Amino acid sequence: MDATAEELLESCKVPNDSWRKLLYKVEAQSFLDVPPLVIQVTSLRCGGMILCTAINHSLCDGIGSSQFLHAWAHLTREPNTELTILPFHGRHVLKPRNTSQVHFTHPQYTRTHPSSHVDLHKLMMQSQSLVATSFTFGPSEVHFLKKQCVLSLKCITTFETVAAHTWRAWVKSLNLCPMQTVKLLFSANIRKKVNLPEGYYGNGFVLACAESTVKDLVVVNNNISHGLKVVQHAKANLDNEGYIRSMVDLLEDKTVRVDLSTSLVISQWSRLGLEDVDFGEGKPLHMGPLTSSIYCLLLPVVGDANSVRVLVSMPENVVETFRYHMVVKDENAYHDHNMD
């Protein structure tokens with residue numbers, strides 16, 4: 001590519017369609033036809049490079065992908081050394097039980113039709129074009145959001161804070177009926193919770209589900225406190241191994257689908273360490289997805305471990321409203337919000 005890294009960094013805050021040429025396009029009829037791994041390296045005029053990878057999600061999750069990329073980089077830098085963490089490929093440790101024991105309710109899934117007559121996912125994907133939006137939250141914004149809550153600040157994580165704030169902004173921008181139930185689905189690592197072996201290389205996560213009426217989330221409460229409580233409750237459910245095993249048993253039923261009808265889905269990439277992958281020429285100047293969709297990503301900010309970037313696409317007619325509600329409105333703590 002006849003461009004420099006510096007030139008590309010100026011426009012890399014949000015993905016654009018031209019980036020698609022940075023990854024070899026695979027013609028696949030179904031998900032199962034996608035190769036386990038696709039890699040493209042694009043050389044730049046300045047001597048730098050862009051490394052794009054696509055890993056079939058049936059092979060591993062984000063933690064597995066990070067494990068592979070770090071191992072690949074390690075062996076590139078030091079080809080005569082051993083890996084510090086060996087991959088464990090025994091998928092049987094997360095297999096369902098011989099007799100299905102679904103003893104808990106799992107609102108993040110549905111067996112037939114969406115649980116609501118409203119299907120926001122379909123509406124957003126099909127009705128109009130989507131616009132990628134990006135927001136960077138630093139320590140001062142996160143601290144201000146935490147101060148709105150009655151909970152001890154030490155009990156609130158950055159993920160919980162940013163996720164609850166983004167969920168509220170998403171719901172408020174869509175102007176939904178106050179009695180409508182909305183959900184926040186987010187991936188949660190269960191490797192330690194169910195004692196998976198070190199280096200487990202598979203999908204060692206489940207979807208947690210926070211749910212609330214629109215009224216309770218954005219009308220009755222004028223801050224993130226209610227959203228934060230239901231997010232923490234969804235995380236607390238995963239402290240019960242029986243709850244996790246119940247979900248694994250449920251997913252053996254091939255008629256079960258993720259209920260996306262009134263859900264915002266968040267995936268946290270900000271703690272995977274992908275911004276630290278070093279093939280011997282230094283750490284990356286930028287790390288992020290090739291495309292943006294209605295699935296929300298929390299991304300690391302290269303060079304600032306205490307900040308997090310939110311990337312999500314919204315329908316064109318509500319994107320400005322969403323941007324307005326995402327801005328942390330505190331003149332003292334944050335004068336000029338970093339809206340990329």
Side-chain angles (χ1 to χ4, degrees), residues 104-131 133 135 137 141-142 144-151 156 159-186 207-237 257-267 293-296 298 310-330 337 339:
F104 295 85
T105 58
H106 302 287
Q108 56 270 64
Y109 298 104
T110 179
R111 273 196 169 82
T112 51
H113 303 291
S115 60
S116 168
H117 64 279
V118 176
D119 193 340
L120 296 177
H121 182 269
K122 183 177 181 180
L123 183 67
M124 294 171 69
M125 289 295 289
Q126 297 181 358
S127 63
Q128 53 194 292
S129 59
L130 297 174
V131 179
T133 60
F135 298 84
F137 292 87
E141 302 93 289
V142 173
F144 172 71
L145 290 171
K146 287 182 178 182
K147 286 196 302 182
Q148 299 177 16
C149 307
V150 296
L151 300 172
I156 307 171
F159 168 79
E160 293 164 353
T161 304
V162 174
H165 177 67
T166 303
W167 187 26
R168 289 187 78 249
W170 184 81
V171 170
K172 292 174 82 170
S173 68
L174 296 176
N175 195 28
L176 302 173
C177 168
M179 301 314 297
Q180 174 68 52
T181 296
V182 289
K183 301 175 183 178
L184 174 68
L185 310 184
F186 55 93
L207 281 179
C209 176
E211 57 181 339
S212 169
T213 64
V214 171
K215 180 180 178 181
D216 288 338
L217 188 65
V218 303
V219 179
V220 176
N221 298 278
N222 62 357
N223 57 45
I224 68 169
S225 58
H226 176 74
L228 189 64
K229 288 178 182 177
V230 293
V231 168
Q232 290 186 327
H233 177 71
K235 289 179 66 176
N237 284 336
R257 297 289 184 272
V258 177
D259 186 3
L260 297 174
S261 58
T262 57
S263 302
L264 173 66
V265 181
I266 290 183
S267 182
S293 71
I294 59 173
Y295 302 115
C296 177
L298 301 191
V310 177
L311 176 66
V312 62
S313 288
M314 295 293 291
E316 193 172 22
N317 68 326
V318 300
V319 67
E320 290 304 324
T321 304
F322 176 71
R323 286 172 175 161
Y324 172 81
H325 290 305
M326 281 292 283
V327 173
V328 178
K329 302 171 182 65
D330 178 37
H337 184 77
M339 185 174 72

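Since we're looking at a predicted model, the values are computed, not measured.
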Looking at [X] and [Y], what are the two nearest heavy atoms and their distance?
| X | Y | answer |
| --- | --- | --- |
| Met326 | Thr166 | CE-OG1, 3.6 Å |
| Gln180 | Thr262 | NE2-CG2, 3.5 Å |
| Ala210 | Val230 | CB-O, 3.5 Å |
| Cys209 | Ala234 | O-CB, 3.2 Å |

Original post:
So, do Ile266 and Phe159 sit near enough that their side-chain heavy atoms are less than 4.5 Å apart?
Top reply: yes
Original post:
Do Val310 and Cys296 come close enough that some side-chain heavy atom pair is under 4.5 Å?
Top reply: yes
**OP:** Check the pair Val220, His226 against side-chain contact (heavy atoms from CB on, under 4.5 Å), reporting the backbone distance first and the verdict last.
**Re:** CA-CA 9 Å; Val220 176; His226 176 74; over 6 Å; no
Subject >> Residues in side-chain contact (heavy atoms from CB on, under 4.5 Å) contact with Val265, at least two apart in sequence or another chain >> reply: Leu185, Leu260, Tyr295
Original post:
Excluding sequence neighbours, so at least two apart, what forms side-chain contact (heavy atoms from CB on, under 4.5 Å) with Val131?
Top reply: Glu316, Val319, Arg323
Original post:
Run the side-chain contact (heavy atoms from CB on, under 4.5 Å) check on Glu160 and Gln232 step by step: do they pass?
Top reply: CA-CA 7 Å; Glu160 293 164 353; Gln232 290 186 327; 2.9 Å; yes
Subject >> Expected output: side-chain Ser173 to main-chain His325 donor-acceptor under 3.5 Å >> reply: no
Original post:
Thr213 side chain to Met179 main-chain N or O, any donor-acceptor pair under 3.5 Å?
Top reply: no
Interatomic spacing from [atom1] in [X] to [atom2] in [Y] - rounded to 0.5 Å:
| X | Y | atom1 | atom2 | answer |
| --- | --- | --- | --- | --- |
| Met314 | Ser129 | CE | OG | 12.5 Å |
| Ser263 | Ile294 | OG | CD1 | 10.0 Å |
| Ser225 | Leu217 | OG | CG | 9.5 Å |
| Ile224 | Lys146 | CD1 | NZ | 9.5 Å |
| Phe186 | Leu207 | CZ | CG | 9.5 Å |
| Arg168 | Asn223 | CZ | CG | 6.5 Å |

Subject >> Derivation of the side-chain contact (heavy atoms from CB on, under 4.5 Å) call for Val182 and Trp167 >> reply: CA-CA 9 Å; Val182 289; Trp167 187 26; 4.0 Å; yes
Original post:
Checking side-chain contact (heavy atoms from CB on, under 4.5 Å) for the pair Phe322/Val312: CA distance, chi angles, key distance, verdict?
Top reply: CA-CA 10 Å; Phe322 176 71; Val312 62; 3.6 Å; yes
